[in-house]
Student: 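One structure, pasted below without further comment.
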Amino acid sequence: MITDPKGTGLMPQPDEPGTDATNHGDFRLSITQALGDQLAVALKQLTPAPLTEPNLDRLADRAGVYQLYRNGQFVYVGKADKSLPTRILKHLRKVSGRQGISLAEMSFTCLYVAEDFSALAPEKLLINHYKKQGRIRWNNNGFGNNDPGKRRDETVVKANHFDALFRIDLERVISGFKPGPMPLSRVLARVSAEAPYTFRYEKKKTDGAYKREVEIPDGELTIAQLLELIAGSLPVEWQIAVLPGRVIMYPDNRRDYPSVWRYYRGAQILDVEPEIGEVGEIPEEPDAAEDDE
C-alpha cells in the first residue's frame, strides 16, 4: 500500500510508461484502528477508582470495557458482554485470594458501550492499541483465564504466568461454619463457592465418600484448615493437590503433578517444590473469554 504523508488516504499510483497523467489510486480506511484509538483516549480521561465492592456497586449493570491498574500502572484491559460490575468483581475475588498482591494496590476505570458495538470486540481493539506501547502485561500472562480443566492439571506452569507470580493464598478465612458434625458434601460445596479461586473436585465416581461427616471445630477456619479436615475424611486413594492457581481433589491414587506445591493425603500435609517452566508465551485458554457467565 502507498501511504499518504498528508493523511488523506489517497495517493496517486506511479504513472504507467507512456502516460502523462495519473487517474486512479488506492484508498484503505482503518476503522478498527480509529475506534481503538478513540477508546484509549476516552479511558485515559477517566480517574482510576480503588477496586472495592462499594465502587463496583455504583456501576450500572451494562456491557462495556474496563482497565485494571496495579500501584497506578496499567496492567490489564478486558470487556464485559453483559455486566461490568459482575465481570470486574471476578477479578477482585481473584486478586483477593493471592499471595504477594493486595487489593489495596488495585484500581480500575471502565466505559459503557452499546450492545451493537460489543460485536466489534472493543477489548481487542484496545489490546492492539496498547501492545505497540509494551503495556497491559496481564493480558499476556494468564490473568484472565478461567479454570482450564483437568487436561491442564499436569501442565508445567511458566515462570511468567500470573499463577506462578501470585500463587493462591490458603490462609483466607471462610467464616460461618457451625461447630459439630457436617456432611462432607456440604463442606465441599461451601469451600468451592466461597474460596476466591477454583476448588475443583470429583462429583461423579465418589463411591459414597461424600456421605461421611466432618467434625467442624469451634472458631474461624482458614481454607488450609478446611482442606486438612476434608482430606482426613476421605478414603485412602484420594488426595487434595494445591496448584499455583487452583485446588483439585480426586481419587487418583495420589499421583504426582508437576506444578503442585502442597498435597493433603489423609492426615499428612506434604509441602513440595513445584516445577516451574521457563518464561514463555502463555496462550489464552479456550474457555477464558471475557464474559459474564
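Computed from a predicted model, the values in this text were never measured in an experiment. We count residues from 1, following the sequence as given.
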Student: Taking only residues two or more places apart in sequence, or in another chain, which ones meet Trp261 in a ring-ring contact (aromatic ring centres under 6.0 Å, His included)?
Tutor: none
Student: In Å, rounded to the nearest 0.5 Å, how long is the span from CD of Glu237 to CG of Asp252?
Tutor: 9.5 Å
Student: Indicate, with yes or no, if Tyr201 and Val260 share a hydrophobic cluster defined by side-chain heavy-atom contacts under 4.5 Å among Ile, Leu, Val, Met, Phe, Trp and Tyr.
Tutor: no
Student: Closest heavy-atom contact between Ala164 and Ala159?
Tutor: CB-O, 3.9 Å
Student: Can you see which heavy atom on Ser96 is nearest to which on Pro196, and at what distance?
Tutor: OG-CB, 3.7 Å
Student: Find the distance between CE (Met106) and OG1 (Thr52) and round it off to the nearest 0.5 Å.
Tutor: 12.5 Å
Student: Can you check whether Arg167 reaches Pro274 side chain to side chain, under 4.5 Å on heavy atoms?
Tutor: yes
Student: With a 4.0 Å cut-off, would you call Arg265 and Asp256 a salt bridge?
Tutor: yes
Student: Before accepting this row, confirm whether a basic side-chain N of the pair Lys205/Asp207 lies closer than 4.0 Å to the acidic partner's carboxylate O.
Tutor: no
Student: Please report the C-alpha distance between Ile168 and Arg98 in whole Å, then the side-chain angles of each, then the deciding distance to 0.1 Å, and finally whether the side chain to side chain contact (heavy atoms under 4.5 Å, CB included) criterion is met.
Tutor: CA-CA 4 Å; Ile168 58 176; Arg98 300 293 173 135; 3.9 Å; yes
Student: Strictly below 4.0 Å, N to O, side chains only: are Arg246 and Asp153 in salt-bridge contact?
Tutor: yes
Student: Can you give me the closest heavy-atom contact between Arg262 and Val272, atom names plus distance?
Tutor: N-CG2, 4.3 Å
Student: Please tell me whether Ile248 and Trp238 are part of a single hydrophobic cluster in this structure, the criterion being side-chain heavy atoms less than 4.5 Å apart.
Tutor: no
Student: Are there more than 12 heavy atoms of other residues, nucleotides or ligands under 6.0 Å from atom CD of Gln99?
Tutor: yes
Student: Could you tell me the separation between the CZ atom of Arg62 and the OG atom of Ser83, rounded to the nearest 0.5 Å?
Tutor: 11.5 Å
Student: In Å and rounded to the nearest 0.5 Å, what is the CG to CD1 distance from Leu227 to Ile269?
Tutor: 9.0 Å
Student: Ignoring hydrogens and geometry, is there a side-chain-to-backbone donor-acceptor pair from Arg212 to Ser233 under 3.5 Å?
Tutor: yes
Student: Check Leu92 against Leu103 and note the closest heavy-atom contact, atom names and distance.
Tutor: O-CD2, 3.6 Å
Student: Check whether Tyr250 and Val187 end up in the same hydrophobic cluster, where Ile, Leu, Val, Met, Phe, Trp and Tyr are linked by side-chain heavy atoms less than 4.5 Å apart.
Tutor: no
Student: Between the side chain of Arg87 and the main-chain N/O of Gly64, is any donor-acceptor distance below 3.5 Å?
Tutor: no
Student: Atom CZ in Arg58, atom CG in Leu56: separation rounded to 0.5 Å?
Tutor: 9.5 Å
Student: Minimum heavy-atom separation for Val279 and Asn160, please, with both atom names.
Tutor: CA-OD1, 3.4 Å
Student: Would Tyr263 and Arg254 satisfy side chain to side chain contact (heavy atoms under 4.5 Å, CB included), going step by step from the backbone distance to the final call?
Tutor: CA-CA 9 Å; Tyr263 293 100; Arg254 301 187 176 185; over 6 Å; no
Student: Applying ring-ring contact (aromatic ring centres under 6.0 Å, His included) to Trp138 and Tyr130, what does each step give before you reach the verdict?
Tutor: CA-CA 12 Å; Trp138 288 8; Tyr130 289 123; over 10 Å; no
Student: What about His91 and Tyr76, are their ring centers closer than 6.0 Å?
Tutor: yes
Student: Are Lys82 and Asp61 close enough for a salt bridge, meaning some N to O gap below 4.0 Å?
Tutor: no
Student: Is Gln239 reaching over with its side chain to a backbone N or O of Arg255, donor-acceptor style, under 3.5 angstrom?
Tutor: yes
Student: Is any side-chain heavy atom of Leu84 less than 4.5 Å from a side-chain heavy atom of Tyr112?
Tutor: yes
Student: Could you go through Arg186 and Phe177, starting from their C-alpha distance and side-chain angles, then the distance that decides it, and tell me whether this counts as side chain to side chain contact (heavy atoms under 4.5 Å, CB included)?
Tutor: CA-CA 11 Å; Arg186 288 181 56 194; Phe177 278 97; over 6 Å; no
Student: Under the ring-ring contact (aromatic ring centres under 6.0 Å, His included) test, which residues partner Phe166, sequence neighbours left out?
Tutor: Phe162
Student: Take Leu46 and Leu111, measure what side chain to side chain contact (heavy atoms under 4.5 Å, CB included) needs, and give me the verdict at the end.
Tutor: CA-CA 9 Å; Leu46 302 175; Leu111 283 174; 4.0 Å; yes
Student: Do side-chain atoms of Asp163 reach the backbone of Pro244 as a donor and acceptor pair under 3.5 angstrom?
Tutor: no
Student: What residue among Lys94, Arg200, Arg152 forms salt bridge (Lys or Arg N to Asp or Glu O under 4.0 Å) with Asp147?
Tutor: Arg200
Student: Is Leu59 linked to Tyr66 within one hydrophobic cluster, defined over Ile, Leu, Val, Met, Phe, Trp and Tyr using a side-chain heavy-atom separation of less than 4.5 Å?
Tutor: yes
Student: So which heavy atom on Glu202 is nearest to which on Pro251, and how close?
Tutor: CB-CD, 3.9 Å
Student: Determine, using the 4.5 Å side-chain heavy-atom cutoff (strictly less than), whether Ile101 and Ile223 are members of one ILVMFWY cluster.
Tutor: no
Student: Rounded to the nearest 0.5 Å, how far apart are CG of Leu68 and CD of Glu105?
Tutor: 13.0 Å
Student: With no hydrogens and no angle check, is any side-chain donor or acceptor of Ser259 less than 3.5 Å from a backbone partner on Glu275?
Tutor: yes
